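Worth saying up front: this structure is predicted, and the values here are computed from it rather than measured.
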Amino acid sequence: VTTATRKYNIIYVYSVPYDDHKDLLKIGKAEVDVEEDYYPSPNDEPMTRAAEKRIAEQLGTGGFKHTLEYTEVAHYRDENGKGKAFDDHAVHDVLKHSGYSNHDFGEDISGGEWFPVSLEIAKQAIQAVKEERQSLTSPMHSIPEEEIHIREEQKDAIERTIAHFGFGDKMLWNAKMRFGKTLCAL
């Protein structure tokens, strides 16, 4: 017997007890495999395991200490009941739009996911993403919908496919990489 599983993004927040990371939190993304719709409470055990595994990958075998501060599923249902997923970059964007810059550790060291925020601010940023807000103080549903522009060659492929489905139920597009096959198929 096989059981269908789904991968869900989770957002995790951790800290390290080192002077160069004082008052900074790392906000990252991991994935968790689950068997059904997954809307657990924050810090649920499967999320904690997935976050710890991802953190171990980042910190390697260096023996670095860390404290996992928080985990939360990066999936929500919008006002129409449609499931939506997001990643850590969406949380980073909310923080940046709220005036929190990611930390600069200096040359050749990326601090893109480390922010000088409290755990409470990090949680508020996650919630802001779920409420589709651009910043901590913007109103709900303030993230603008992006308009999609179909190129002429894409429009031609779509029209040919629609016409073909009057005769058959399969169509192969001989399109190069970066054509936008997935977008056109939608």
Side-chain angles (χ1 to χ4, degrees), residues 5-79 82-146:
T5 61
R6 292 181 173 179
K7 285 193 181 297
Y8 276 83
N9 289 342
I10 62 164
I11 301 298
Y12 61 84
V13 180
Y14 77 87
S15 61
V16 295
Y18 305 111
D19 290 341
D20 58 345
H21 288 73
K22 186 173 172 51
D23 299 323
L24 296 174
L25 292 176
K26 161 86 156 124
I27 301 169
K29 176 196 81 137
E31 291 182 337
V32 63
D33 290 321
V34 294
E35 293 182 13
E36 67 274 332
D37 280 351
Y38 190 60
Y39 296 96
S41 300
N43 302 316
D44 188 50
E45 197 267 331
M47 289 190 299
T48 301
R49 269 196 327 266
E52 289 289 359
K53 179 181 177 192
R54 180 68 184 115
I55 293 167
E57 291 170 356
Q58 293 168 3
L59 298 180
T61 59
F64 297 104
K65 295 178 184 177
H66 73 278
T67 301
L68 180 59
E69 306 282 349
Y70 188 72
T71 61
E72 185 168 339
V73 69
H75 193 266
Y76 66 99
R77 294 214 176 270
D78 68 9
E79 61 190 16
K82 181 179 178 187
K84 292 189 173 185
F86 61 96
D87 63 16
D88 53 336
H89 297 287
V91 179
H92 301 164
D93 288 345
V94 166
L95 290 171
K96 289 174 186 175
H97 291 139
S98 301
Y100 298 98
S101 296
N102 51 317
H103 187 73
D104 180 8
F105 287 106
E107 193 174 321
D108 298 329
I109 301 175
S110 172
E113 297 182 341
W114 290 91
F115 287 85
V117 297
S118 67
L119 180 57
E120 190 56 38
I121 294 294
K123 289 178 185 180
Q124 289 174 17
I126 294 167
Q127 186 59 36
V129 173
K130 290 183 174 187
E131 293 173 357
E132 300 176 348
R133 294 186 288 143
Q134 285 186 306
S135 71
L136 296 173
T137 58
S138 60
M140 287 182 69
H141 309 295
S142 62
I143 296 176
E145 293 285 332
E146 290 187 36

**Request:** Enter the distance from T137:OG1 to H97:NE2 here, rounded to the nearest 0.5 Å.
**Result:** 11.5 Å
**Item:** For Y14 against L68, the heavy-atom pair lying closest together
**Value:** CB-CA, 4.0 Å
**Prompt:** Within a reach of under 6.0 Å around OH of Y18, are more than 12 heavy atoms found that belong to other residues, nucleotides or ligands?
**Reply:** yes
**Message:** Taking L136's backbone N and O only, do any of them form a donor-acceptor pair with S98's side chain (distance below 3.5 Å, no angle check)?
**Reply:** yes
**Request:** Looking only at non-hydrogen atoms, find the nearest pair between A50 and V32 and report the distance.
**Result:** CB-CB, 4.2 Å
**Request:** Hey, could you give me the CD1/CZ distance between I121 and F115, rounded to the nearest 0.5 Å?
**Result:** 12.5 Å
**Request:** Measure the spacing between NE2 of H66 and CD of Q58 and express it to the nearest 0.5 Å.
**Result:** 9.5 Å
**Request:** Flag the pair E57 and R54 as a salt bridge only when some basic side-chain nitrogen lies within less than 4.0 angstrom of an acidic carboxylate oxygen.
**Result:** yes
**Prompt:** Looking at side-chain heavy atoms only, is the closest gap between W114 and V16 below 4.5 Å?
**Reply:** yes
**Request:** Drop me the distance from I11's CD1 to I27's CD1, to the nearest 0.5 angstrom.
**Result:** 8.5 Å
**Prompt:** What is the distance from atom CD of Q127 to atom CD of Q124, rounded to the nearest 0.5 Å?
**Reply:** 9.5 Å
**Prompt:** Atom OH of Y100 and atom CG of L25: how far apart are they, to the nearest 0.5 Å?
**Reply:** 11.5 Å
**Prompt:** Does K29 pair with D87 as a salt bridge, N-O distance under 4.0 Å?
**Reply:** no
**Asked** Any idea which heavy atoms bring E72 and P42 closest together, and the distance?
**Response** OE1-CG, 4.4 Å
